[in-house]
Amino acid sequence: MARKLQSFTIFCFCFFFGFFFFFFFCNSIISIRGLVADTESVDCTDRWIHIRQLPSRFNVDLLTNCSQYPLIGSFCPYLSNHGLGPKTHNRSKSWYRTDPLLLELIFHRRMLEYPCLTSDPNLANAIYLPYYAEIDSLKYLYGPDVKKSKEHGMELYQYLSENEGWIWNKHEGVDHFLVMARPAWDFSQSPDAYPPRWGTSFLELPEFYNVNVLVVESRAWPWQEQAVPYLTSFHPPSLALFESWVRRVKTSRRTTLMLFAGADGVAATPNIRRSIRNECENSTNDSGLVTNGGYRYKKACNVVDCSKGICDHDPGRYMRPMLQASFCLQPPGDTPTRRSTFDAIIAGCIPVFFEEQTAKAQYDWHLPSETYQQFAVLLPKEEVVYKGIKILDVLMAMPRRRVRRLREGVIEVMPRIVYRKHGSSLGSRLEKDAFDIAIEGELQRINSRLKRHIF
């Protein structure tokens with residue numbers, strides 16, 4: 001009986017991935033053919049991209065290991081819909097249980113719809129490598145190869161140099177780019193580190209010094225990489241659905257002054273998360289809280305506990321409270337950036353940052369640094385943790401007109417950080433989303449580096 005059950009399990013597993021791969025490539029071909037007509041009306045000058053054909057062991061085959069890393073849990077349930085994950089409920093058209101670590105898969109799918117693709121590398125302004133670097137890194141971060149982390153990427157380099165190596169050698173990799181769905185720090189371990197520390201050495205390997213990388217968080221000296229927005233759970237397939245959501249955001253009744261959604265920040269030493277927790281616990285939540293702007297809030301502060309990953313694939317748990325809050329606090333955690341920043345923007349909740357590295361110094365393509373004062377608040381964490389400045393006092397003292405302008409600014413930048421669904425309507429493609437802006441920025445950066453011979 002056990003043997004039959006095991007055979008049935010293996011059959012179901014193989015059937016699932018066979019089904020997934022079949023639809024991934026068949027739907028991709030259909031999408032590309034459907035976009036041929038669009039390409040004829042698009043100006044592709046200096047925008048041609050060649051997708052380097054890699055063996056499946058560098059991308060889709062890696063997905064078969066989706067349940068092999070107990071420390072992070074299985075991501076198999078979130079591979080559906082080409083990486084968007086299952087819908088939050090059957091009637092949902094724009095909301096999915098998206099795993100933020102599947103950005104590489106979603107990016108690959110969207111690249112197949114890019115209107116300026118060329119099969120000739122000689123005509124290309126950039127070369128896209130559909131390598132699922134983050135998923136491949138799991139065996140070095142959590143799996144059996146943890147002591148071989150400096151080897152991450154070397155198999156890819158060997159393939160690129162030995163198979164049509166002239167494509168790579170033409171510009172020594174400067175015209176190549178790929179996506180890595182983790183902070184750059186996770187790929188920045190020195191190859192000479194002994195004993196090995198956390199991370200792999202991909203970005204520290206001389207072989208990849210010239211390659212351009214899109215990450216969700218860059219280092220303080222991002223000469224190889226550029227940060228792009230984290231994936232959220234909102235992927236509208238049409239402009240009408242996006243505009244419908246914007247209308248809901250605009251009309252949402254904000255009954256809470258400020259909100260923090262995240263893991264427990266209690267620690268022995270002073271830190272910004274601990275200060276936020278203490279302030280929220282000690283704040284009055286009596287009905288009728290009045291701000292200097294004359295607006296009445298029912299609640300001063302709300303905390304959405306996302307400990308142990310309970311919010312990761314359940315957007316309803318934090319989006320509803322965010323829609324009811326005026327300000328969403330974005331303290332740094334293990335790393336400076338947070339997915340919650342982009343969830344808050346989608347909810348029309350004004351982000352409050354406590355250090356520039358959380359967003360202002362990261363996402364300049366999508367959220368230009370000179371525009372931050374139009375949609376966000378910056379309150380240095382040192383002022384709060386060591387000088388006793390109260391976040392509530394600062395926000396309550398803000399004039400109502402200023403709050404209204406900030407929310408308008410949040411709604412204005414919202415399209416720039418949303419990854420719309422693949423195969424979306426033509427109307428939605430007329431407005432640039434996070435993917436479009438990332439591609440545009442990468443093309444400009446590669447062109448600039450080639451002109452200046454920076455390699």
Polar side-chain atom of [X] near backbone of [Y] as donor-acceptor pair, under 3.5 Å:
X: Glu113; Y: Gly423; answer: yes
X: Glu225; Y: Val213; answer: no
X: Asn169; Y: Gly165; answer: yes
X: Gln189; Y: Gly199; answer: yes
X: Arg254; Y: Met322; answer: yes
X: Arg320; Y: Gly316; answer: yes
X: Arg109; Y: Leu105; answer: no
X: His152; Y: Ser201; answer: no
X: Thr118; Y: Asp120; answer: yes
X: Gln362; Y: Val228; answer: no

Looking just at side-chain N and O atoms, do Ser56 and Asp61 make a donor-acceptor pair shorter than 3.5 Å? yes

Hey, are the side chains of Leu379 and Phe353 touching, using non-hydrogen atoms and a 4.5 Å cut-off? no

Is [Y] paired with [X] through a side-chain N to carboxylate O contact shorter than 4.0 Å?
X: Arg110; Y: Asp433; answer: yes
X: Asp436; Y: Lys432; answer: no
X: Glu151; Y: Lys148; answer: no
X: Lys360; Y: Glu355; answer: no
X: Arg219; Y: Glu204; answer: yes

Taking the six-membered ring for Trp and the single ring otherwise, decide whether the centroids of His176 and Tyr128 are under 6.0 Å apart. no

What closest approach, in Å, do [X] and [Y] show between heavy atoms, and which atom pair accounts for it?
X: Leu103; Y: Val216; answer: CD2-CG1, 4.0 Å
X: Cys311; Y: Asp305; answer: SG-O, 4.0 Å
X: Arg273; Y: Gly333; answer: NH2-CA, 3.7 Å
X: Ser80; Y: Pro77; answer: OG-O, 3.7 Å
X: Asn81; Y: Pro86; answer: ND2-CA, 4.0 Å

When the side chains of residues 232-239 are checked against the rest of the protein, which donor-acceptor pairs come out under 3.5 Å, sequence neighbours left out?
unit_1, atom_1, unit_2, atom_2, d
Thr232, OG1, Phe234, N, 3.3
Ser233, OG, Tyr96, O, 3.0
Ser233, OG, Arg339, NH2, 3.1
His235, ND1, Tyr419, O, 2.7
His235, NE2, Thr98, OG1, 3.0
His235, NE2, Thr232, O, 3.0
Ser238, OG, Leu241, N, 3.2

Over 12 foreign heavy atoms within 6.0 Å of [atom1], [X]:
X: Lys139; atom1: NZ; result: yes
X: Gln68; atom1: CD; result: yes
X: Asp334; atom1: CG; result: no

Angle between ring planes, [X] versus [Y], binned at 30° and 60°: parallel, tilted or perpendicular?
X: Trp95; Y: Trp245; answer: perpendicular
X: Phe342; Y: Tyr230; answer: tilted
X: Phe177; Y: Phe107; answer: perpendicular
X: Tyr131; Y: Phe58; answer: perpendicular

With rounding to the nearest 0.5 Å, note down the distance linking [atom1] in [X] to [atom2] in [Y].
X: Ser252; Y: Arg247; atom1: OG; atom2: CZ; answer: 14.5 Å
X: Glu207; Y: Phe202; atom1: CD; atom2: CZ; answer: 10.0 Å
X: Gln330; Y: Asp343; atom1: CD; atom2: CG; answer: 8.5 Å
X: Trp365; Y: Glu440; atom1: CH2; atom2: CD; answer: 9.5 Å

Please determine which of Tyr140, Phe187, Tyr142 meets the ring-ring contact (aromatic ring centres under 6.0 Å, His included) test together with Trp198. Tyr142

